[in-house]
Amino acid sequence: MSEGALSGRTALVTGASRGIGAATAIALGSQGAHVILTARTAGGLEEVEETIFAAGGSATIAPLDLTENDSIARLAEAISGRWTALDVLVLNAAQLGTLSAVPAIDFKEYAKILTLNVTAQAAMLAAFDPMLKASSGARVIGVTSSVGRTARAYWGVYGSSKAAFENLLLTYGEEVAHISGIRVGILDPGATRTKMRARAFPGEDPATVKAPEVVAERIAALAASGFEAGHFERVEG
């Protein structure tokens, strides 16, 4: 592979077995980054890894469930044993949950959604903070949703988890902005052709919304070019 904008950099993408996460991993690999892929589905990760290799890139897969006890700590220990710094962290893994009115929320499911969409994200930031600080200019990009900022009927579970996720990320960004080269940004992919989207809008024609690769290219561009602390953008199209 020819030298890319992220050549020599190490990136970690969560939820990388399909959709936006998979496309982002491939896009980062095409820019020369060594991409570490995490998700629960090993088969999906292997396919993404093969795609990156076929294009001349390099990748490492790490199948795991971010909500399992100590899984994130083990991941950080394994990665820090091979690389001294983490230059790009894309926090993409999330779960939709059941769309329901607030009085009808299944609180056991809600707890599981919050564990992945919020608590696990905090654990990722805590576990990889030393490696991010070891980078000369690390970029942390969180993938959000418009319902995290604008309330929508029946989306209370997912929307509240994304609101908390955004606040958590931006708080971390404020804490590290003046003591490190870390910059934290948030990207709202907008309507995108993913399995989550299909589940939320079963009657929608997938051809009417953009492909994950459109979002992935924007994430890769942000990772390569950099951005100011607290950056937020929505991908249109």
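None of these values were measured; they are calculated from a predicted model. For the numbers below, each heavy atom of this structure counts, side chains included, while hydrogens, waters and symmetry mates do not.
- The distance from atom CD1 of I52 to atom OG1 of T60, rounded to the nearest 0.5 Å, is 9.5 Å.
- A cation-pi arrangement, defined by a distance under 6.0 Å to the six-membered ring centre and an angle within 45 degrees of its axis, is absent between R199 and F201.
- Remark: K210 NZ is packed, more than 12 non-hydrogen atoms of other residues, nucleotides or ligands lying under 6.0 Å away.
- Across A163 and G148, no two heavy atoms sit closer than the pair CB-O, 3.3 Å.
- Hydrophobic clustering places I141 together with V235 (ILVMFWY residues linked when any side-chain heavy atoms are closer than 4.5 Å, directly or through intermediates).
- The two atoms that bring G15 and A93 nearest to each other are N-CB, 3.7 Å, heavy atoms only.
- Hydrophobic clustering of Ile, Leu, Val, Met, Phe, Trp and Tyr side chains at less than 4.5 Å, counting indirect connections, keeps M131 apart from V88.
- Contact of the S100 side chain with the D106 side chain is not registered, since no non-hydrogen atoms from C-beta on lie closer than 4.5 Å.
- A donor and an acceptor atom, one from each side chain of S135 and D87, are located under 3.5 Å apart.
- Side-chain contact between I182 and K133 is present, with at least one heavy-atom pair separated by less than 4.5 Å.
- For Y154, the OH atom sits in a loose shell: 12 or fewer heavy atoms of surrounding residues, nucleotides or ligands are nearer than 6.0 Å.
- Contact between A27 and A216 at its shortest, heavy atoms only, is CB-O, 3.8 Å.
- Side-chain contact check for T38 versus L75: some heavy-atom pair is nearer than 4.5 Å.
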>> Go through it in stages, so that I can follow the logic: the residues are L64 and R40, the test is side-chain contact (heavy atoms from CB on, under 4.5 Å), and I'd like the CA-CA distance, side-chain angles, deciding distance and then a yes or no.
In response: CA-CA 5 Å; L64 58 83; R40 291 181 300 174; over 6 Å; no

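- Nearest heavy-atom pair across A220 and Q31 is CB-CG, 4.5 Å.
- Using a cutoff of 4.0 Å between basic side-chain nitrogens and carboxylate oxygens, R218 and E233 are scored as salt-bridged.
- In this structure the side chain of R149 reaches within 4.5 angstrom of the side chain of F232, judged on heavy atoms.
- Under the 4.5 Å side-chain criterion, counting only non-hydrogen atoms from C-beta, I186 is in contact with L170.
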>> Pair H34, S58 - check side chain to side chain donor-acceptor pair (under 3.5 Å), show working.
In response: CA-CA 5 Å; H34 179 84; S58 63; 2.9 Å; yes

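- At most 12 heavy atoms of other shown residues, nucleotides or ligands fall within 6.0 angstrom of atom CD in E77.
- Ion pairing between E228 and R183 fails under the 4.0 Å rule for side-chain N and carboxylate O.
- Here the shortest heavy-atom pairing between E49 and A59 reads OE2-O, 3.6 Å.
- The backbone N or O of N117 lies less than 3.5 Å from no partner atom in the side chain of K162, so there is not a single donor-acceptor pair.
- If you chain together hydrophobic residues whose side chains sit under 4.5 Å apart, L86 and Y172 fall into the same group.
- Within a 6.0 Å sphere centred on CD of E174, other residues, nucleotides and ligands contribute 12 heavy atoms or fewer.
- Rounded to the nearest 0.5 Å, atoms CG (L12) and CG (L132) are 9.0 Å apart.
- The minimum heavy-atom distance between A11 and L28, with the atom names listed, is CB-CD1, 3.9 Å.
- The shortest side-chain heavy-atom distance between S136 and R9 falls under the 4.5 Å cut-off.
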>> Please evaluate residues D129 and V176 with respect to the criterion side-chain contact (heavy atoms from CB on, under 4.5 Å), reporting the C-alpha separation (whole Å), side-chain torsions for both, the decisive distance (0.1 Å), and the verdict.
In response: CA-CA 9 Å; D129 177 66; V176 299; 4.2 Å; yes

>> Determine whether L222 and L187 satisfy the following criterion, side-chain contact (heavy atoms from CB on, under 4.5 Å), listing intermediate values before the conclusion.
In response: CA-CA 10 Å; L222 285 172; L187 185 138; 3.8 Å; yes

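- Interatomic distance, OG1 of T10 versus CD1 of I79, reported as 9.0 Å (0.5 Å rounding).
- Both I20 and I61 belong to a common hydrophobic cluster when Ile, Leu, Val, Met, Phe, Trp and Tyr are linked at side-chain heavy-atom distances under 4.5 angstrom.
- Although no hydrogens or angles enter the test, the distance criterion places no donor-acceptor pair under 3.5 Å between the side chain of S17 and the main chain of T41.
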>> Does V140 form a side-chain contact (heavy atoms from CB on, under 4.5 Å) with V90? I'd like the steps, not just the answer.
In response: CA-CA 6 Å; V140 178; V90 180; over 6 Å; no

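- Within the model, atoms CG of L91 and OG1 of T144 stand 11.5 Å from one another, a figure rounded to the nearest 0.5 Å.
- Cation-pi contact between R152 and Y158: absent, since separation from the ring centre below 6.0 Å together with deviation from the ring axis within 45° is not met.
- Cluster annotation: I26 and I36 are assigned to distinct hydrophobic clusters (Ile/Leu/Val/Met/Phe/Trp/Tyr, side-chain heavy-atom contacts under 4.5 Å, transitive).
- Under the 4.5 Å side-chain criterion, counting only non-hydrogen atoms from C-beta, V215 is not in contact with T24.
- Atom CE of M124 sits about 12.0 Å away from atom CG of L168, to the nearest 0.5 Å.
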> Given Y110 and S161, is the side chain to side chain donor-acceptor pair (under 3.5 Å) satisfied, shown in steps?
Replying inline: CA-CA 9 Å; Y110 193 17; S161 75; over 6 Å; no

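- In this structure, the separation between CD on E46 and CG on L37 is 10.5 Å, given to the nearest 0.5 Å.
- At a threshold of 4.5 Å between non-hydrogen side-chain atoms, the residues P212 and T192 count as touching.
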